[in-house]
Amino acid sequence: ITPAAIASGRGDAFLVQLNRAVADFSGLVYVRPLPEMNAHWNDYCAYNRDGSARGSKHSTVAFRKAFRRIAIFARGGSAANVAQRLRKAGVPVPANLDLAPTEARIVWNPQGYGAPDVRGNSAQAYYPGDGYVDVVANDLYDQGFNAAWEANEALYRAHRNKPYALAEWGLWGIDDPAFVEKMAAFVKSHGRIEFLAYFNSKPGAIWDLQSKPRSRAAYRRLITPLGR
C-alpha cells in the first residue's frame, strides 16, 4: 500500500485495529509510523536509490497526509472529533468512525540525512506538522565509520519545541565503547531527550552487546534501563 493509498483511507481497517490495540494496552504506547521514510530501502520513501522520484503516490506530500491519518487514528477520540481532525488534515473522512481515545505518543522518525541525500529527500520534507508529532526521533548506528552525529544534532535543533529520541541506536558488528560513551554524553547535554532504544537485544544478532564486552561494560556503567 502506498502513502497516497493510506492517506485516502484504503488502510483504515488496519488503522482501526491499531487504535483498538493501543487502547487495550491501557497506558502509554509509542507509535512510530513508517520510520526512516527518507531512506530508499523503504517502500514509502519518495525517492529511489539513484535519486529519481517514485511518483505522486509516493511523494512527500502523500507521505505527510498518510502520517497525519495514522496519527489521528492511533490517538482516537469521538467520531465528531476524529472527523474534524481528518478534515483539518486534508484527508477523507470515513463514515461510522468508532475509535477509542488512547495515550498514544506519536514518534516521527526520519534519518538525520536522506538516502539518497538529495534536496527533496531531506527529513524536513516529510514532516507532517507539529500537531501530529509528539516526539522527534533519529536512528544512529556505529558501523566503524561516520555515525552521522552532525545530522543527528541538526535534527535535534530543527525541532526545538519537541521531545527527542534515539528510536534505534547500536553497534553494527563492532565493539566500540567510545560510541556508547558519546551517546551517553549526548543525552546528558541535550535536555529534551525522552528515550533511547538500543537495537537490538536478540541473542546472536550483530548488534547484541553480549559479543561486545567493552561496549557492554560501558553500557552498564552509563545507560540506565527503564525502571531501574
I'd like to know if the side chain of [X] and the backbone of [Y] have a donor-acceptor N/O pair within less than 3.5 Å.
| X | Y | answer |
| --- | --- | --- |
| Asn48 | Asp50 | no |
| Arg64 | Ser59 | no |
| Ser8 | Pro92 | no |
| Arg49 | His40 | no |
| Ser215 | Asp176 | yes |
| Asn38 | Gln111 | yes |
| Asp208 | Gln210 | yes |
| Ser189 | Ala185 | yes |

Looking at [X] and [Y], what are the two nearest heavy atoms and their distance?
| X | Y | result |
| --- | --- | --- |
| Arg75 | Val133 | NH2-N, 3.8 Å |
| Val136 | Lys162 | CG2-CB, 3.9 Å |
| Ala137 | Ala167 | CB-CB, 3.9 Å |
| Val31 | Ala104 | CG2-CB, 4.0 Å |
| Asn19 | Gly76 | ND2-CA, 3.5 Å |
| Cys45 | Tyr126 | SG-OH, 3.6 Å |

One pair to check against side-chain contact (heavy atoms from CB on, under 4.5 Å): Leu155 and Tyr164. What are the steps and the verdict?
CA-CA 9 Å; Leu155 186 62; Tyr164 194 76; 3.7 Å; yes
Determine, using the 4.5 Å side-chain heavy-atom cutoff (strictly less than), whether [X] and [Y] are members of one ILVMFWY cluster.
| X | Y | answer |
| --- | --- | --- |
| Leu28 | Val135 | yes |
| Val61 | Trp108 | no |
| Phe195 | Ile223 | no |
| Val107 | Tyr156 | no |
| Ile106 | Tyr44 | yes |

Distance in Å, [X] [atom1] paired with [Y] [atom2], rounded so as to fall on 0.5 Å steps:
| X | Y | atom1 | atom2 | result |
| --- | --- | --- | --- | --- |
| Leu15 | Ile72 | CG | CD1 | 10.5 Å |
| Leu34 | Ile70 | CG | CD1 | 4.0 Å |
| Met37 | Asn42 | CE | CG | 9.0 Å |
| Asp142 | Lys212 | CG | NZ | 10.5 Å |
| Glu103 | Phe25 | CD | CZ | 10.0 Å |
| Phe14 | Phe73 | CZ | CZ | 12.0 Å |

I'd like to check [X] versus [Y] (side-chain heavy atoms, cut-off strictly below 4.5 Å). Are they in contact?
| X | Y | result |
| --- | --- | --- |
| Pro163 | Asp134 | no |
| Lys88 | Arg68 | no |
| Trp149 | Met183 | yes |
| Arg105 | Tyr30 | yes |
| Trp169 | Tyr198 | yes |
| Leu196 | Val187 | yes |
| Leu166 | Asp139 | no |
| Tyr127 | Gln124 | yes |

Answer yes or no: does atom [atom1] of [X] have more than 12 heavy-atom neighbours from other residues, nucleotides or ligands under 6.0 Å?
| X | atom1 | value |
| --- | --- | --- |
| Asp43 | CG | no |
| Lys65 | NZ | no |
| Tyr132 | OH | yes |
| Arg192 | CZ | yes |

Carboxylate-amine/guanidinium contact Asp12 Arg69, below 4.0 Å:
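Salt bridge present between Asp12 and Arg69.
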Below 30° counts as parallel, above 60° as perpendicular, anything between as tilted: where do the rings of Trp172 and Trp207 land?
perpendicular
Consider side chain to side chain donor-acceptor pair (under 3.5 Å). Of Glu168, Glu36, Arg32, which one does Asn109 pass it with?
Arg32
